[in-house]
Amino acid sequence: QRKINELGVKNIELIQMDLLEVPLLNKKFDIIECSGVLHHMKDTIEGLRSLLKVLNTNGFMQLGLYSEKARKTIQIAREYIKHRQIKANEENLREFRMSILNGDLKELESLALQPLFYTMSGIEDLCFHTQEHQFNLENIQQMIESNKLNFHGFILRQNIKSIYKKYFPEDKTQTNIQNWAIFEEKHPKTFAGMYQFWVSKSK
């Protein structure tokens, strides 16, 4: 709230509530940003549809979802943790992290390149989160089509967009998801953060 006041933004109302209860506000929004939330819900689609109920017909929504390809190493770590039934307490988190830093878990050494790796809360969120779904671009395409949405493109660094342009110069708007699936196969870390993209309702 203080930061909002410093920016001089007025008429901002901060509300904390369950995402599935958002339609109870009886309000419509022109812009909705939902990054890093839906993939931690029990039912991602249910969460998405709850947000769509409050999105104006002419509004836009930014979504952020984890890429299973980009998070392959994290998935290996999760399977390792699950198989050994490692609990997320401070002692275990430190021991798990040191096993990677000491080179005992070679297949997980790339995790040490991530900033989250170096804090207790970060490594817990990265590898020990109790509920997480991961997606591929086919899933994204199906989600968009089944909910009758328009896809407006991924939020990516300009150098990635420039490389994509060399592969697919005919895709002027860079919104062909099938092309991006081919691109991700060649460059698996493209969506290392998340699939960040904009959608709107089909009219």
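In this chain, residues are counted from 1 in sequence order. Fair warning: this is a prediction, and the values are worked out from it, not measured in the lab.
- In this structure, Y66 has its ring center at least 6.0 angstrom away from the ring center of F191.
- For an aromatic pair to be called close, the ring centres must be under 6.0 Å apart, and Y167 with F183 satisfies this.
- Residues I31 and W198 have side chains in contact (heavy-atom distance under 4.5 Å, counting atoms from C-beta outward).
- Of all heavy-atom pairs spanning V199 and L149, the tightest one is CG2-CD1, 4.1 Å.
- Remark: side-chain polar atoms of H133 are paired, donor with acceptor, to backbone N or O of M41 under 3.5 angstrom.
- For the 3.5 Å distance criterion, the side chains of Q196 and Q62 qualify, holding a donor opposite an acceptor.
- Using a 4.5 Å heavy-atom threshold, the side chains of W180 and Q174 count as touching.
- Within a 6.0 Å sphere centred on CD of E91, heavy atoms belonging to other residues, nucleotides or ligands number 12 at most.
- We find the CD1-SG distance between I76 and C127 to be 11.0 Å, quoted to the nearest 0.5 Å.
- Classified by interplanar angle (parallel below 30°, tilted 30° to 60°, perpendicular above 60°), the ring pair Y164/F168 is tilted.
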Subject >> Chi angles and distances behind the side-chain contact (heavy atoms from CB on, under 4.5 Å) call for N136, S67 >> reply: CA-CA 6 Å; N136 56 47; S67 162; over 6 Å; no
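- The number of heavy atoms from other shown groups lying within 6.0 Å of CD (Q142) is above 12.
- Looking at T175, L137, T190 one by one, the single match for side-chain contact (heavy atoms from CB on, under 4.5 Å) with F154 turns out to be L137.
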Original post:
Could you walk me through whether F60 and D30 pass the side-chain contact (heavy atoms from CB on, under 4.5 Å) check?
Top reply: CA-CA 6 Å; F60 293 87; D30 296 320; over 6 Å; no
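- When each of H83, Q134, E132 is paired with R78, the side-chain hydrogen bond (donor to acceptor under 3.5 Å, both in side chains) condition holds for E132 and for no other.
- No more than 12 heavy atoms of other residues, nucleotides or ligands shown are found within 6.0 angstrom of NZ on K72.
- A distance of 11.5 Å separates CD in E95 from CD1 in I100, rounded to the nearest 0.5 Å.
- Residues I140 and V37 fall within the same hydrophobic cluster, defined by Ile, Leu, Val, Met, Phe, Trp and Tyr side chains chained together at heavy-atom separations under 4.5 Å.
- Proximity of L101 to Y118: side-chain heavy atoms (C-beta onward) are separated by under 4.5 Å at one or more points.
- In this structure, CG in N147 is found 5.5 Å from CD1 in I45, a value given to the nearest 0.5 Å.
- At a threshold of 4.5 Å between non-hydrogen side-chain atoms, the residues M143 and F135 count as touching.
- L52 places a side-chain heavy atom less than 4.5 Å from the side chain of M61.
- Between the OG atom in S110 and the CZ atom in F117 there is a gap of 10.0 Å [rounded to 0.5 Å].
- Of the possible polar contacts, none joining the R97 side chain to the I123 backbone as a donor-acceptor pair under 3.5 Å is found.
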Subject >> Residue pair I177, I144: steps toward the side-chain contact (heavy atoms from CB on, under 4.5 Å) verdict >> reply: CA-CA 10 Å; I177 295 178; I144 289 170; 3.7 Å; yes
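- Within a 6.0 Å sphere centred on NZ of K165, heavy atoms belonging to other residues, nucleotides or ligands number 12 at most.
- In this structure the side chain of Q141 never reaches within 4.5 angstrom of the side chain of E138, judged on heavy atoms.
- Within a 6.0 Å sphere centred on CZ of R84, other residues, nucleotides and ligands contribute more than 12 heavy atoms.
- Without hydrogens or angle criteria, K189 side chain to A70 main chain gives a donor-acceptor distance under 3.5 Å.
- Judged by distance alone, the side chains of N176 and D171 never bring a donor and an acceptor atom under 3.5 Å apart.
- Cluster membership for L113 and L108, using ILVMFWY side-chain heavy atoms within less than 4.5 angstrom, is not shared.
- The closest donor-acceptor contact from the side chain of S202 to the backbone of K148 lies under 3.5 Å.
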Subject >> CA sep, side-chain torsions, deciding dist, call: Q75, Y80, side-chain hydrogen bond (donor to acceptor under 3.5 Å, both in side chains) >> reply: CA-CA 9 Å; Q75 186 55 42; Y80 174 89; over 6 Å; no
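- T44 contributes a side-chain N or O that, together with a main-chain N or O of L38, makes up a donor-acceptor pair within less than 3.5 Å.
- Using modelled atom types, one side-chain atom of K201 and one backbone atom of L55 make a donor-acceptor pair closer than 3.5 Å.
- Using a 30° and 60° split on the angle between ring planes, H129 and H40 fall in the parallel class, below 30°.
- Within the 4.5 Å cutoff, the side chain of L19 has heavy atoms near those of the C34 side chain.
- Taking CD1 of I155 as the reference point, atom CD1 of I160 lies at 12.5 Å (rounded to 0.5 Å).
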**OP:** Evaluate the side-chain contact (heavy atoms from CB on, under 4.5 Å) criterion for residues M98 and D104: first the C-alpha distance (whole Å), next the side-chain angles of each, then the deciding distance (0.1 Å), finally the verdict.
**Re:** CA-CA 9 Å; M98 286 308 301; D104 298 332; over 6 Å; no
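- Without hydrogens or angle criteria, K28 side chain to K53 main chain gives a donor-acceptor distance under 3.5 Å.
- The one candidate from L93, N89, N92 that meets the side-chain contact (heavy atoms from CB on, under 4.5 Å) condition with F128 is L93.
- No single ILVMFWY cluster, assembled from side-chain heavy atoms under 4.5 Å apart, contains both L48 and L24.
- E107 and T73 form no side-chain donor-acceptor contact under 3.5 Å, judged by distance and modelled atom types alone.
- Going from atom CZ of R71 over to atom CG of L111 covers 9.5 Å, rounded to the nearest 0.5 Å.
- For F197 and H152, the ring centers are positioned 6.0 Å apart or more.
- Using a 4.5 Å cut-off on side-chain heavy atoms (C-beta onward), T119 and E124 make no contact.
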